[in-house]
Colleague: 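To start, I am sharing the structure in question, which I have written as structure tokens.
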Amino acid sequence: MNKYLLLHLVGLTANFCTNCTPQPSVRIEEAIYENRPHYVVHTPTATYWYDQAGGGLSRLLDQESNDWISFKQEPLASYPASAAAGFRGLPNFVFQSEESGAGHPGFEQCRSEVLDGYRIRSRSLSGTWQWTWTFHDSHASVTMEQVDPDHAYWFLYEGTPAGIFSPATQYWGTDAEGYHTHNPDYYAGERATGHWQWAYFGDSSNARVLFVGMVQPDTHEDLLGFLGNTEAGLSSADGMVVFGFGRKQGAIPLMTAEDNTFVIGFLDQQVSSKETHGILAEKIHSVLSAARRDSSAGKRQ
């Protein structure tokens, strides 16, 4: 196993920042996955596989090499079969425009470059869209820097908590909804919706959760469901979580702002009750509060 995956998981803490200089343990190299060129970002807590032409993450490995995204090239866009393949990715920014697929692994809409030892920038082929990822020891953040004024975007996590699709053993939570083990059947038309600042996803077999959060809160509708790759819905053998900041029912993107920053990372904690959700919530609130201060300080400089 890669030595970077054996290092002890460092939890997100109040010392988190979006603009600080990261630890030297972050390392970026190049590799091929699904016959596509990738940047592979090694950190002590996660390994990120970044599709260069897609401009998004195709794989997100924890310390035990569980893949929390599990993108596959084929089928790329077949409903619902691609819930086990091409629909998966993060952040999957752009949808329903000539550059639909920018920010999504498997597509050919971006040019990406390594800016230094810890940052990757992607720009759509027309130059309309641009965002930059920053990788730290314990988390990663992405800032939307340039948008198409004629099209909205969203931030999606579409993947496999703990590396599997298992609605019966998986859970999720948000700042507004609390801890949940009831998983909406997306294929059957079920959705959880709300106005959320952060969310997490986990499986009872795994000792950690994946956390996603917004540094700048908004009032846009957010959405969550579990999509199986067959008409059997939650009983399908494979599938994915569908989560979106700024995603309205009917697959409608809602975000238009530049300088939006989103944070992802693993938290070394399992949630199984209202009490453990509360403990996790305190950590996440500290993370986002610190991130917001750092973002404001960066804009004043």
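Only this structure's heavy atoms are used, side chains among them; waters, hydrogens and symmetry mates stay out.
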Colleague: Looking at Y50, F93, F262, which one forms a ring-ring contact (aromatic ring centres under 6.0 Å, His included) with W131?
Modeller: F93
Colleague: Could you walk me through whether Y153 and F95 pass the ring pair (Phe, Tyr, Trp, His ring centres under 6.0 Å) test, one step at a time?
Modeller: CA-CA 7 Å; Y153 66 96; F95 183 63; over 10 Å; no
Colleague: Under the salt bridge (Lys or Arg N to Asp or Glu O under 4.0 Å) test, which residues partner E98, sequence neighbours left out?
Modeller: none
Colleague: Is the closest side-chain donor-acceptor distance between T261 and T143 under 3.5 Å?
Modeller: yes
Colleague: Output the distance between atom CZ (R111) and atom CZ (R123), rounded to the nearest 0.5 Å.
Modeller: 9.5 Å
Colleague: With a 6.0 Å cut-off on ring centres, are F211 and F266 close enough?
Modeller: no
Colleague: Hey, could you give me the OH/OG1 distance between Y179 and T276, rounded to the nearest 0.5 Å?
Modeller: 7.0 Å
Colleague: Can you find a pair of side-chain heavy atoms, one from W196 and one from E221, that are under 4.5 Å apart?
Modeller: no
Colleague: Between CG of D222 and CZ of R247, what distance do you get to the nearest 0.5 Å?
Modeller: 11.5 Å
Colleague: Has R59 got its NZ or CZ under 6.0 Å from the middle of the six-membered ring of Y33, at an angle within 45 degrees of the ring axis?
Modeller: yes
Colleague: CZ of R88 to OG1 of T160: how many Å apart, nearest 0.5 Å?
Modeller: 5.5 Å
Colleague: Would you say the side chain of H38 lies within less than 4.5 Å of the side chain of I32, judging by non-hydrogen atoms?
Modeller: no
Colleague: Any idea which heavy atoms bring M255 and N260 closest together, and the distance?
Modeller: SD-ND2, 3.9 Å
Colleague: Have Q170 and N183 got a donor and an acceptor in their side chains that come within less than 3.5 Å?
Modeller: no
Colleague: Please determine, by modelled atom types, if H151 and Q96 share a side-chain donor-acceptor pair under 3.5 angstrom.
Modeller: no
Colleague: Say whether Q52 and E30, considering side chains only, have a donor N or O and an acceptor N or O under 3.5 Å apart.
Modeller: yes
Colleague: Could you state the interatomic distance from CD1 (I28) to CG (D116), rounded to the nearest 0.5 Å?
Modeller: 7.5 Å
Colleague: Would you name the heavy atoms of L125 and E99 that are closest together and state the gap between them?
Modeller: N-OE2, 3.4 Å
Colleague: Which residue, Y39, Y118, Y48, forms the ring-ring contact (aromatic ring centres under 6.0 Å, His included) with F135?
Modeller: Y48
Colleague: Got a second to check how far Y200's OH is from Q269's CD, nearest 0.5 Å?
Modeller: 8.5 Å
Colleague: Which residues satisfy the side-chain hydrogen bond (donor to acceptor under 3.5 Å, both in side chains) test with Y157, sequence neighbours excluded?
Modeller: none
Colleague: Strictly by modelled atom types, are S97 and S100 linked by a side-chain donor-acceptor pair under 3.5 Å?
Modeller: no
Colleague: Does any non-hydrogen side-chain atom of V209 lie less than 4.5 Å from one of L280?
Modeller: yes
